[in-house]
Enquirer: 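Shown below is the structure under consideration.
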Amino acid sequence: MKAMTFKQLYALLALFMGVAVFGQQNTVKASLDSTKIKIGAQANFTLKATVGPKDRVNFPEGKNFGQLEVLESYPVDTVRNGALYELVKKYGLTQFDSGRYVVPSLPVVINKKIIKTDSLLLEVNNIKVDTLKHKLYDIKPIAEAKSDYSIWYWILGTVLLAGAGFGAWWYFKNRKKPVKKEEEKLISPIEKATQQLQNLEKKEMLQRGEVKEYYSELADIARLYIEEAIHIPAMESTTGELIEAMRNATMRRKMALKPETFEQLERVLRNADMVKFAKSKPLEFEIAEDRNRIEKTIVVIDRSIPEEKDEDELHTQMWLEEQRRRKEKKRRRTIIWSSIGGVVVILLGFSIFFGVGMVKRALYGTSTKDLLEGQWVKSEYGFPGVTIETPEVMKRVDPATIMPKESMAVFQEMSIFMEGALFSDFSVAVSTLSYKKQTEVDLNQLSEGVIKVWESQGAKDILIKTEEFNTQQGITGLRVYGTMSYPHPVSKQIKRMYYEVFLFKQQQGVQQVTIGYTEGDEYAPQLLERVKNSIELRNLTQNQEQEKEQEQNQ
């Protein structure tokens, strides 16, 4: 075996160095700049990846890492370390509730290979307030929430505006137009039709290419003449119905009309129908012929009408009365359908601008199915705080409007929040209170007080059951449940209601959650279970222990 040259030895050493370097890369380290922060403060979380120059690295992203909120994700910094590169990725984390939280193991992808980071512990502590140095401010007065029924004002205003517009349109459409002096002299139907034919030519519609409008007015002149002269409903009839009615009328009144007259009239009316509905385009000489046919046909019909006898006059009066009734009926039908159409347009407009759900809730209220399938809200209410998830945000209620005056005298502070009227189809209420004096709280006695309040508001036949109840954090309370007869807040009808009340005592404070719904509702029990399972309480004892621990650490 030949001796190894210097160049070969150098190459072999370089190879070993490359292997060593490769073995050192693809490492990821996680660190926190502090293991303890105050509520709402920022902890800087850093990931460092040591990689080669051609390696591709993807760091994790998200709004939350475990129960910690990611305030900001900073750009990646690159630091060269010999033949390797150190990629530094920083995140700003925080939490707005005290406790111990874990930054979970996070995946960092290097060249499609996933490397898990170590999990880290972060402690979030309450901020201690020195009441001797910092001034305490009184509780702000109750703020009135905007009414959900403001949409009714919009609907009412729009309906009134639409009604006023429709009334104005109807007035100007049907008001009697002043009769011109020339028209006052036109007494007979033939004179009126002749004058209308002359006016039609003066409008010069054909010169402007308005053939459809010309034929429409020409046919209406002929129909109006026939209706007024022969007393048949010509304006409302089809061409076939009109010709048939004319044949019957001529036989009844013994009018001497030849078949050619009916053929000429029907031909013009058919041409008018073709122009209006089939977009037919007759030639100029055809239009002139149709106009002459109408004029000659009207003259022939007028000459064939005999003088009216008593029977004919009676028949004419009956026909005129029937026509008057038809027009009145048509007018009423137009008003009804126009009103319905206006309402539909208004609702459609509100559905577009405000959403179909909002319009539906304004008209019919919100069904329990809509509540169950809607977007739920999780929030904390009162003090000591009760965190609960509900279909909609609950509104603050003045306790004086619900509680008797004698009971309000013993409370130092009381807060009530509600969603829905008390014991409507579905309702949730949260109340928290603290006593003025040192009081031994008995939850069973407190539940009896709740029942008395309901009885004072009209509840009857109350069935009561009680049992122990534990929250998910292990806080023990009392569950009171059963049924009762209660007047519905909207219909005022007595309905059978199901209720559940959850009572908790902490030092001088009491927390209460009340849920109720109308019996027989398909979706209400599911609502109740979801609300009940979401109940979380602020543990005053645990908070005090954490504050003492913080003082000792400081």
Side-chain angles (χ1 to χ4, degrees), residues 145 147-152 347 350-351 354-381 386-397 402 416-431 447 450-451 454 457-467 469-472 477-503 511-537:
S147 174
D148 291 338
Y149 299 99
S150 58
I151 187 176
W152 283 109
L347 292 179
F350 273 94
S351 298
F354 297 100
V356 177
M358 189 172 182
V359 175
K360 182 179 178 182
R361 287 194 296 272
L363 294 176
Y364 306 106
T366 307
S367 67
T368 51
K369 181 181 179 182
D370 292 336
L371 292 175
L372 184 62
E373 297 175 350
Q375 186 71 35
W376 283 49
V377 179
K378 188 173 185 179
S379 186
E380 182 176 320
Y381 302 92
V386 177
T387 301
I388 193 171
E389 188 179 21
T390 55
E392 295 177 354
V393 177
M394 291 193 288
K395 298 178 181 178
R396 184 185 291 271
V397 179
I402 298 177
I416 299 178
F417 302 85
M418 294 186 67
E419 179 196 346
L422 184 61
F423 292 119
S424 54
D425 294 335
F426 180 79
S427 63
V428 182
V430 173
S431 61
S447 66
V450 173
I451 301 301
W454 291 347
Q457 295 176 347
K460 297 180 180 179
D461 304 326
I462 302 176
L463 176 64
I464 306 170
K465 297 181 180 179
T466 59
E467 66 178 18
F469 178 80
N470 294 307
T471 66
Q472 294 183 357
L478 180 67
R479 174 177 175 240
V480 185
Y481 62 99
T483 58
M484 63 178 169
S485 298
Y486 198 89
H488 193 275
V490 178
S491 65
K492 304 303 180 183
Q493 295 180 352
I494 302 298
K495 292 190 175 183
R496 198 65 182 169
M497 312 295 300
Y498 178 82
Y499 70 89
E500 289 195 15
V501 181
F502 304 91
L503 298 168
Q511 297 153 303
Q512 175 182 329
V513 178
T514 304
I515 311 171
Y517 62 83
T518 305
E519 277 195 329
D521 191 291
E522 179 181 359
Y523 301 97
Q526 301 177 51
L527 288 169
L528 184 145
E529 286 300 317
R530 182 169 176 179
V531 174
K532 179 171 67 175
N533 294 332
S534 71
I535 297 175
E536 299 175 5
L537 305 179

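Keep in mind it's a predicted model, so treat the numbers as computed, not measured.
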Enquirer: Apply side chain to side chain contact (heavy atoms under 4.5 Å, CB included) to the pair W376 and L371, showing each step before the final yes or no.
Expert: CA-CA 8 Å; W376 283 49; L371 292 175; 5.7 Å; no

Enquirer: Supply the atom-to-atom distance R479 CZ to T466 OG1, rounded to the nearest 0.5 angstrom.
Expert: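 Spacing of CZ (R479) from OG1 (T466) equals 10.0 Å.
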
Enquirer: Just verifying a value: how many Å separate L528 CG and F426 CZ, rounded to the nearest 0.5 Å?
Expert: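 Here the interatomic distance stands at 6.0 Å.
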
Enquirer: Report the C-alpha distance between F502 and I515 in whole Å, list the side-chain angles of each, state the deciding distance to 0.1 Å, and finish with yes or no for side chain to side chain contact (heavy atoms under 4.5 Å, CB included).
Expert: CA-CA 9 Å; F502 304 91; I515 311 171; 4.1 Å; yes

Enquirer: Measuring from atom CD of E419 to atom OG1 of T390, what distance do you get when rounded to the nearest 0.5 angstrom?
Expert: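 Interatomic distance, E419 CD to T390 OG1, rounded to 0.5 Å: 5.0 Å.
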
Enquirer: Atom CD in E373, atom OG1 in T368: separation rounded to 0.5 Å?
Expert: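 Answer for the CD-OG1 pair, E373 versus T368, is 9.5 Å.
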
Enquirer: Measure the acute angle between the ring planes of W454 and Y499, then classify it against the limits of 30° and 60° as parallel, tilted or perpendicular.
Expert: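 Because their plane-to-plane angle is over 60°, the rings of W454 and Y499 count as perpendicular.
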
Enquirer: Can you tell me how far apart CD1 (I535) and OG1 (T471) are? Round to the nearest 0.5 Å.
Expert: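 The distance works out to 8.5 Å.
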
Enquirer: Pick from I451, V450, T483: which one makes a side chain to side chain contact (heavy atoms under 4.5 Å, CB included) with I464?
Expert: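 Testing I464 for a side chain to side chain contact (heavy atoms under 4.5 Å, CB included) against I451, V450, T483 leaves exactly one candidate, I451.
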
Enquirer: Do Y517 and Y498 have their ring centres less than 6.0 Å from each other?
Expert: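 Judged by ring-centre distance (under 6.0 Å), Y517 and Y498 do meet the cut-off.
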
Enquirer: Quick one: are S447 and V501 in side-chain contact, heavy atoms under 4.5 Å?
Expert: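 Not touching, per the 4.5 Å side-chain cut-off.
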
Enquirer: Any heavy-atom pair between the side chains of S379 and V393 that's under 4.5 Å?
Expert: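 No. Closest side-chain heavy atoms not under 4.5 Å.
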
Enquirer: Considering only heavy atoms from C-beta outward, does the side chain of M497 approach that of T518 to under 4.5 Å?
Expert: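 Result yes, sub-4.5 Å side-chain heavy-atom pair found.
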
Enquirer: Nearest 0.5 Å, what's the CD-OH distance between Q493 and Y486?
Expert: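 Interatomic distance, Q493 CD to Y486 OH, rounded to 0.5 Å: 15.5 Å.
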
Enquirer: Out of K378, R530, K532, which residue meets the side chain to side chain donor-acceptor pair (under 3.5 Å) rule with E389?
Expert: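 Exactly one option meets the side chain to side chain donor-acceptor pair (under 3.5 Å) with E389, and it is R530.
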
